[in-house]
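What you see is a predicted model; the values in this text were computed from it and never measured. Counting begins at 1 with the first residue of the sequence.
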Amino acid sequence: MSDEVTIFEVGPRDGLQNESRQLGIETKVELINLLNKTGLKKIEVGSFVSPKWVPQMANSADVFGAIDRQDDIRYAALTPNLKGFEDALNAKADEVAIFAAASEGFSQKNINCSIKESIERFKLVAEQAQQSGLPLRGYVSCIAACPYDGATLPRQVAQVCQQLFDLGCYEVSLGDTIGVATPKQIRELLAALLTEFKPQQLALHCHDTYGQALANINTGLELGIRTFDSSVAGLGGCPYAQGASGNVATEDLIYLLNGLGLHSGIDLDRLIEAGSFICQALDRSTQSKVALARSGNQAS
Ligand code: HMG
Ligand code: MG
């Protein structure tokens, strides 16, 4: 198994979409410019979704336009439909992501259509992405459980993964949207998925609501997964999954990988600086244990 691990930083999108406070363009741009200096190679900058649904992402085009782009970093965007794709293309996103769910309840609440309808919409996005030469990523939400429908079966996840690969996704990110999965569930899910897909086709996107994200990621590592989504300072959540907290903090993930002797190419100190900047801007404390420990402010 490879020693190289890819981190997909989703903080500027997943992290900031859930903030009650509307953040200005300058703050988002500064966050991404700080992330540019950490060694990250993939950063999800924003989403091109309805501003009525997610007002916090309404300025994504302006953010794309103002960041200090680096040639060796891919700046990504979520695109739920053709309009979103066209906006992402105009904003010069380097790659786009379509996002489906393994459960009907979440699909309806998040993107206002059934899973089947979402795949039909995504087909149009996939065709355009291919024509424009943009890499297409897929997400499957609620891989372990759905806030509306309860437990999710591995078979449901596998079906949606297959549909996303059929549309041309180079990778599917498996989202534990409400952060309830435990390592046993992740092991069983991945064991099932890895009978159909290669580990290089899959990424894990763990929210940390129940504090299981690092344990789940470690399980993924043991089974050969080498791409993980994470959010600087552990920001985030989904507006359509009430109570779900942020993604695993990128700082904590890097500390884990460093301890395991795995290489991400990311500078932990610079990452902590980026996390500290956004926490100050949001006037909130970091969710990263590592950042807390390094600041000497750990709770006693
Ligand atoms: P809809 O209301 O069914 O769509 O929403 P519609 O086609 O009927 O359009 C309604 C209005 O939205 C129209 O405007 C459209 O122009 C506009 P109006 O005529 O009313 O003024 N519209 C758009 N505007 C801007 N950009 C667009 C767009 N599309 C339509 N792309 C829709 C359907 C999908 C648009 C809506 O449900 C939506 O925007 N949902 C976004 C949900 C979202 O962003 N959720 C969070 C991200 S997913 C996530 O966090 C999970 C993840 O992290 C993985 C995990 O953790 O599991 C990825
Ligand atoms: Mg998420």
With a 3.5 Å distance limit and no angle check, can you tell me whether [X] reaches the backbone of [Y] through a side-chain donor-acceptor pair?
| X | Y | value |
| --- | --- | --- |
| Thr152 | Cys142 | yes |
| Asp176 | Ala181 | yes |
| Thr209 | Ser245 | yes |
| Gln185 | Thr182 | yes |
| Asp149 | Glu104 | yes |
| Ser118 | Ile115 | yes |
| Glu9 | Val232 | yes |
| Asp267 | Arg270 | yes |

Atom pair SG/CD of Cys161 and Gln156 - distance to nearest 0.5 Å: 12.0 Å
Spacing of CD1 belonging to Ile98 relative to CG belonging to Leu78, to within rounding of 0.5 Å: 11.0 Å
[atom1]/[X]: more than 12 non-hydrogen atoms of other groups inside 6.0 Å:
| X | atom1 | value |
| --- | --- | --- |
| Lys41 | NZ | yes |
| Glu222 | CD | yes |
| Tyr255 | OH | no |
| Arg121 | CZ | yes |

Quick check: is [Y] connected to [X] through a chain of hydrophobic side chains (ILVMFWY, heavy atoms under 4.5 Å apart)?
| X | Y | answer |
| --- | --- | --- |
| Leu262 | Phe8 | yes |
| Leu256 | Tyr210 | no |
| Leu260 | Ile254 | yes |
| Ile178 | Val140 | no |
| Leu34 | Ile73 | yes |

Identify every side-chain donor-acceptor pair in residues 163-175 under 3.5 Å, counting partners at least two apart or on other chains, and give the distances.
residue	atom	partner	partner atom	Å
Asp166	OD1	Gln162	NE2	2.9
Tyr170	OH	Lys42	NZ	3.2
Tyr170	OH	Glu95	OE1	3.0
Tyr170	OH	Glu95	OE2	2.8
Glu171	OE2	Arg137	NE	2.8
Glu171	OE2	Arg137	NH2	2.8
Ser173	OG	Asp229	OD2	2.7

Less than 3.5 Å apart, which donor and acceptor atoms pair up between the side chains of residues 64-71 and the rest of the protein, not counting sequence neighbours?
residue	atom	partner	partner atom	Å
Arg69	NH1	Lys92	O	2.8
Arg69	NH2	Ala91	O	3.2
Arg69	NH2	Lys92	O	2.7
Gln70	NE2	Asp68	O	3.1

salt_bridge(Glu273, Lys37) N-O dist < 4.0 Å: no
Charged N-O contact under 4.0 Å between Lys184 and Glu188: yes
Under 3.5 Å side-chain donor-acceptor pair for Gln17 and Arg13: yes
Side chain to side chain contact (heavy atoms under 4.5 Å, CB included) partner of Cys206, chosen from Leu214, Ile143, Thr177, Ile217: Ile217
Over all atoms of both residues, closest heavy-atom pair of Ala102 and Val160: CA-CG2, 4.2 Å
side-chain contact (heavy atoms from CB on, under 4.5 Å) between Trp53 and Ile111, intermediate numbers included: CA-CA 9 Å; Trp53 284 64; Ile111 49 174; over 6 Å; no
Salt bridge (charged side-chain N to carboxylate O under 4.0 Å, His left out) between Asp62 and Lys28, worked out: CA-CA 10 Å; Asp62 296 330; Lys28 291 184 176 184; over 6 Å; no
Test side-chain contact (heavy atoms from CB on, under 4.5 Å) applied to Glu251 and Arg294, step by step: CA-CA 11 Å; Glu251 298 90 320; Arg294 289 286 174 91; over 6 Å; no
